[in-house]
Amino acid sequence: MKSTFATLLSFVLLTVHVANVSATVYQTFDALPQNKQFDYIVVGGGIGGSVVASRLSENLFTSVLLIEAGPDDENEEDLAIPGNYPNSIPRRFHWNFTTTPQEGLGGRSIDYDRGYVLGGSTSVNGMVYTRGAAEDYDRWAKVTGDLGWTWALLWPYTIKHEKFTGATGGERSIAGQYNPLSHGYFGKSKVGLPWSGPTEFDNRAMAAAKDPKSEFKFNLDLNSGNPLGLTWTQSMSGDGERSSASKAYLTPDVRRRPNLHVVVNTQVTRVLATGQASKKDIRTVEVGTPNGPRKTVTAMQEVILSAGTIGTPQILLNSGIGDSAELNAVGVPVVHQLKDVGKNLSDHISTDRPDPAPVDRDAALAQWRASRTGPLTEAVGHTVMWSRLDKNSDAIKAHGDPSSGANAPHIELFLLSNIGNQMYGGAAVLMTPQSRGTVKIASSNPFDKPLIDLGFLTHPFDILALKDGIRTMKRFFAHSAWANYTATNVSPDPDAMGEGEWEGFTRSVGGTTLHAVGTCSMSKKGASNGVVDPNLKVKGLKGLRIVDGSVIPFVPTGHSMAAIYILSERASDLIKWRL
Ligand SMILES: Cc1cc2nc3c(=O)[nH]c(=O)nc-3n(C[C@H](O)[C@H](O)[C@H](O)COP(=O)(O)OP(=O)(O)OC[C@H]3O[C@@H](n4cnc5c(N)ncnc54)[C@H](O)[C@@H]3O)c2cc1C
Ligand SMILES: *[C@@H]1O[C@H](CO)[C@@H](O)[C@H](O)[C@H]1NC(C)=O
Ligand SMILES: *[C@@H]1O[C@H](CO)[C@@H](O)[C@H](O)[C@H]1NC(C)=O
Ligand SMILES: *[C@@H]1O[C@H](CO)[C@@H](O)[C@H](O)[C@H]1NC(C)=O
C-alpha cells in the first residue's frame with residue numbers, strides 16, 4: 001500500500017517536473033515534434049492568436065499549433081515595464097514598417113510600428129484601454145447582418161476577457177473614478193487605473209469639465225459604451241506590469257498544456273491548398289526564411305490567420321488570394337479572386353503631441369523592481385476627453401456624419417498631464433475618419449516589406465474635422481481652471497492663421513495612433529464585398545478564418561485593442577462550436 005502510494009507520488013512529481021521542463025514553446029520550426037497532427041493552426045501570436053490558441057486548447061482533446069514570427073516575450077523585463085512605452089522598448093520587438101509617401105501628409109512616409117514578439121502589438125503598445133461606443137459594435141452587426149456582434153450580445157465576452165484590478169499599489173482610493181458595473185473581474189486581461197494621482201493637472205481638468213457653465217462634462221467611465229465627456233484613463237496593466245495578450249492568455253499554465261504547441265521565430269510565408277480534391281480547401285501553412293527552404297504543416301480542421309491588420313492581408317496576397325489584377329501585376333499566381341483583401345484600411349490620425357517630461361529612470365527602475373510601483377507603472381496621461389462635432393460644423397455639413405451613432409465621439413482629446421509642471425498640451429485625434437488606405441505587396445517575395453498606405457487626409461471630411469477638434473481643445477483649455485498654466489505644443493489656432501497655412505502645417509505634423517483595422521473586413525454572408533463572412537470565414541474558401549483587427553469594418557471610436565479582444569473571445573466560441 002505504502003509503496004503504491006510512493007510510486008503514485010513520484011509519478012505525480014515526475015509528471016509535474018517533466019511538464020515544467022517541457023513548456024511547449026519551441027524556438028525554431030524544426031524543433032517541433034515530427035509527425036505531430038494539429039486540429040488548428042493559428043498564425044500570429046498577437047491578440048487574436050493568443051486568445052484563440054488559449055481558448056481552443058482549453059479542450060485537452062483539441063490540438064493547437066500557434067506560429068509567431070517574432071521571439072518569445074517570457075522573462076523580457078523591458079516588455080513588462082509599462083513606463084517603457086514608447087521609447088525604452090527595444091527595436092528588436094518591432095517590424096520596423098514605414099508607410100508609403102502619404103499624399104495627404106505632404107508626401108511624408110511615417111513609421112508604422114507593429115509588435116514582432118509573442119503578444120504582438122500589445123507587448124509594445126501604449127496600453128490605453130478603451131472600448132469605444134456601443135454603437136460601433138452595433139454597426140458591425142448591421143454590416144454583417146449578425147446580431148451576435150452587437151454590444152449587448154458581446155457583453156459576456158467583454159467581461160470574459162477583462163480582470164479589473166483597480167490602481168496599482170493599492171494605496172489610493174479610486175472611488176468616483178470608474179464605474180464598477182462597466183467591468184469584468186474574473187477574466188484574463190488586467191485593466192486598471194493609474195498608480196498616481198489625482199495630480200494638480202488632473203484636478204484642473206476635472207474642474208474645467210465639471211463646471212456646470214462649461215460645455216464639457218465629466219463621464220465616470222469611458223468603457224460603459226457611452227464614452228462622451230472627460231474620463232479617467234484606464235490601462236491594460238495591473239499589479240504594476242503590462243498585461244499583454246501573451247501575459248494574459250499564454251500564462252505558464254496554458255503553455256504547459258500538452259495539446260498546445262507554440263513556435264516562435266517562425267515567419268509564415270503563405271497558406272496553400274490542401275490535397276488534390278479542391279483548390280479552395282486552404283489548411284496548409286508554409287513557413288520559411290529568406291534564403292532557406294520552405295516547409296509546410298497542415299491543420300486537420302482549420303487555419304486561423306491572426307497576423308494583424310498588416311500581416312494578414314500580406315499573407316493572403318502572397319498566397320494568391322486577393323484582387324487578381326493586382327496579383328498579376330506583381331507576378332503572384334491567382335488562387336482565389338477576392339477584391340477587398342488589403343482594402344478599406346481605417347486608422348486614426350493625430351495632431352502632433354509633446355514629449356513627456358523625463359523621469360529619473362534609475363530611481364524609478366529601482367522602485368519598480370522592488371515593489372512594482374512608481375512612475376514606471378504608467379505610460380500615458382491620466383485623463384482623456386471624448387467629444388462630438390457640432391452638427392452644423394463645416395465637416396458634417398459638407399460631408400455628412402460618419403459616426404456610428406449619437407454616443408460615438410468624433411474627436412479624442414488626448415490631454416497630456418506628463419509634460420511638465422504648470423503646462424498643458426494635448427493632441428486631437430480623429431475617431432471617425434472617412435479616408436481609407438490599403439495594404440499591398442510589392443513583389444512575389446513574402447519577405448519584402450508590405451506597402452502600407454494609410455490614405456491619411458485624402459477625404460476632405462478629415463481635415464475639417466481635425467480643425468474643429470483643435471478648436472474644441474482650445475475651448476477646453478480656455479477655462480479659468482487653467483489659470484497660471486502655459487500651453488505647450490497645442491497646434492496653432494486655425495482661426496488665427498490663413499486657411500492654407502494652417503492646413504499645410506497640420507499635414508506636415510499629422511501622425512498615426514497605430515490603430516489600423518479593416519483590411520480584411522467582415523460583411524454579410526453571400527455579399528460580394530468584404531473578405532470574411534459574419535463567422536469570420538474567408539469568403540469562397542474552406543478551412544480558413546481570420547481573427548484579428550483586420551476584420552473590423554470601421555475603426556472603433558476608441559483605441560483599437562479592446563475591440564479586438566472582445567471580437568477574439570467571440571471568435572473562439574464560433575470556432576469551438578464549429579459555426
Ligand atoms: C506602438 C503602438 C501603440 C499602440 N497603443 C495602443 C493603445 O494604447 N491602446 C490600444 O487600444 N491600442 C494601441 N495600439 C493598437 C493595438 O495594439 C493593435 O490594434 C492590436 O494589438 C492589434 O492586434 P492584432 O491581433 O490584430 O495584431 P497584432 O497585435 O499586431 O499581432 C499580430 C501578430 O502576428 C505576428 N505576425 C505578423 N505576420 C506574421 C507572419 N507572416 N508569420 C507569423 N507571425 C506573424 C506579429 O509578429 C504579431 O505578433 C498600439 C499599437 C502600437 C503598434
Ligand atoms: C527591426 O529592427 C531591429 C533592429 O533595429 C531588428 O533587431 C529587428 O529584427 C527588426 N525587425 C524585423 C522584423 O526585422
Ligand atoms: C495664479 O497665480 C496667482 C499668483 O501666484 C495666484 O494668486 C492665483 O491664485 C493663481 N490662480 C490659480 C487658479 O491657481
Ligand atoms: C470597401 O470600400 C469600397 C470602396 O469604398 C466599397 O465598395 C466596399 O464595399 C468596402 N468593403 C467593405 C467590406 O466594406
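As the structure lists them, so they are numbered: ligands from 1, and atoms in each ligand from 1. Count residues from 1 along the sequence.
Asn125 and Arg242 are linked by a side-chain donor-acceptor pair at a separation below 3.5 angstrom, with hydrogens and angles left out of the test. A donor-acceptor contact under 3.5 angstrom links the side chains of Asp462 and Ser435, judged on distance only. For the residue pair Thr100/Lys440, the side-chain donor-acceptor check at 3.5 Å is not satisfied. A donor-acceptor pair shorter than 3.5 Å cannot be found between the side chains of Ser189 and Ser243. Between the side chains of Asp136 and Thr557, a donor-acceptor pair is found at a separation under 3.5 Å. Side-chain contact check for Gln267 and Tyr116: no donor-acceptor pair (N or O, by modelled atom type) lies under 3.5 Å. A donor atom on one side chain and an acceptor atom on the other are not found under 3.5 Å apart for Ser224 and Asn226. Between the side chains of Gln234 and Asp221, at least one donor N or O sits under 3.5 Å from an acceptor N or O. A side-chain donor from one of Asp548 and Thr312 sits under 3.5 Å from a side-chain acceptor of the other. Side chains of His559 and Thr130: no donor on one and acceptor on the other come within 3.5 Å.
Taking 4.0 Å as the cut-off, Thr266 counts as a neighbour of ligand 1 on heavy-atom distance. The shell of residues lying under 4.0 angstrom from ligand 1, judged by heavy atoms, excludes Ile310. Ligand 1 lies less than 4.0 angstrom from a heavy atom belonging to Trp95.
If you check each of Ile67, Asn265, Val128 against atom 7 (C) of ligand 1, the one with the closest non-hydrogen atom is Val128. Across Ser560, Ala562, Ser246, Gly311, heavy-atom proximity to atom 19 (O) of ligand 1 is greatest for Ser560. Nearest-residue assignment for atom 41 (N) of ligand 1 (options Val287, Val268, Val52; heavy-atom criterion): Val268. If you check each of Arg114, Arg92, Gln267 against atom 7 (O) of ligand 2, the one with the closest non-hydrogen atom is Arg92. Selection from Ala516, Ala69, Ser306, Gly45 by nearest heavy atom to atom 43 (C) of ligand 1 gives Ala69. Across Ala307, Ser123, Ser568, Ser235, heavy-atom proximity to atom 32 (C) of ligand 1 is greatest for Ala307. Scanning Gly44, Gly70, Gly115 for the heavy atom closest to atom 48 (C) of ligand 1 points to Gly115.
Nearest protein heavy-atom neighbour of atom 53 (C) of ligand 1: Asp113 O, 3.2 Å. The protein heavy-atom contact nearest to atom 4 (C) of ligand 1 is Asn125 CB, 3.1 Å. Scanning the protein heavy atoms around atom 33 (C) of ligand 1, the nearest turns out to be Gly46 N, 3.6 Å. The single protein non-hydrogen atom nearest to atom 26 (O) of ligand 1 is Gly549 N, 2.9 Å, given as residue, atom name and distance. Looking only at heavy atoms of the protein, atom 4 (C) of ligand 2 is closest to Arg91 CB, 4.2 Å. The nearest heavy-atom contact from the protein to atom 30 (O) of ligand 1 is Ser121 OG, 2.9 Å. For atom 10 (C) of ligand 2, the nearest protein heavy atom (residue, atom name, distance) is Asn96 ND2, 2.5 Å. Nearest protein heavy-atom contact of atom 2 (C) of ligand 1 is Leu514 CD1, 3.5 Å. The nearest heavy-atom contact from the protein to atom 27 (O) of ligand 1 is Gly308 CA, 3.5 Å. The closest protein non-hydrogen atom to atom 22 (C) of ligand 1 is Ile564 CD1, 3.6 Å.
In summary, the atoms of ligand 1 found under 4.0 Å from a heavy atom of Thr122, numbered by their order in the structure, are 21 (O). Numbered from 1 in the order shown, with element, the atoms of ligand 1 that lie under 4.0 Å from a heavy atom of Gly126 read 3 (C), 4 (C), 5 (N), 6 (C), 7 (C), 8 (O). Under a 4.0 Å criterion applied to the non-hydrogen atoms of Tyr116, ligand 1 contributes the atoms 47 (O). Heavy-atom contacts of Tyr85 reach the following atoms of ligand 1: 1 (C), 3 (C) (cutoff under 4.0 Å). The contact set between ligand 1 and Gly48, taken as ligand atoms under 4.0 Å from a residue heavy atom, comprises 25 (O). Within the listing of ligand 1, atoms 29 (O), 31 (O), 48 (C), 49 (O) sit less than 4.0 angstrom from a heavy atom of Gly120. Of all atoms in ligand 1, numbered sequentially from 1 with element shown, those under 4.0 Å from a heavy atom of Arg114 are 51 (C), 53 (C). For ligand 2, the atoms closer than 4.0 angstrom to any heavy atom of Tyr116 are 13 (C).
Considering backbone and side-chain N/O of Trp95, none are found under 3.5 Å from N/O of ligand 2. Checked by distance only, ligand 1 and Val117 come closer than 3.5 Å through their nitrogen or oxygen atoms. Taking distance alone, with nitrogen or oxygen atoms compared against 3.5 Å, Glu68 approaches ligand 1 more closely than that limit. Between Val43 and ligand 1, a contact under 3.5 Å exists for no N or O pair. When only interatomic distances are considered, the shortest N/O to N/O separation between Met561 and ligand 1 falls below 3.5 Å.
A donor-acceptor pair under 3.5 Å is absent between the side-chain atoms of Glu68 and the main chain of Val262, judged by distance alone.
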Quiz item: How far apart are the C-alpha atoms of Asp39 and Ser63, what are their side-chain angles, what is the distance that settles it, and do they pass the side chain to side chain donor-acceptor pair (under 3.5 Å) test?
Solution: CA-CA 5 Å; Asp39 294 308; Ser63 56; 3.3 Å; yes

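Using a 4.0 Å cut-off between charged side-chain N and carboxylate O, Arg92 and Glu76 make a salt bridge. Ion pairing between a basic and an acidic side chain is recognised when a charged N comes within 4.0 Å of a carboxylate O; Arg91 and Asp113 show such pairing.
Remark: Ser550 OG to Met522 CE distance equals 10.0 Å, nearest 0.5 Å. Atom-to-atom distance recorded for Ser109:OG and Gln102:CD is 7.5 Å, nearest 0.5 angstrom.
Results of the ring-ring contact (aromatic ring centres under 6.0 Å, His included) test with Tyr137 over Trp149, Trp155, Trp151 single out Trp151 as the only residue that passes.
Only the backbone of Met127 comes within 4.0 Å of ligand 1, judged by heavy-atom distances.
Both cation-pi conditions hold for Arg436 and Phe554: the charged atom is under 6.0 angstrom from the six-membered ring centre and inside a 45 degree cone around its axis.
Proximity of Ile47 to His161: side-chain heavy atoms (C-beta onward) are nowhere separated by under 4.5 Å.
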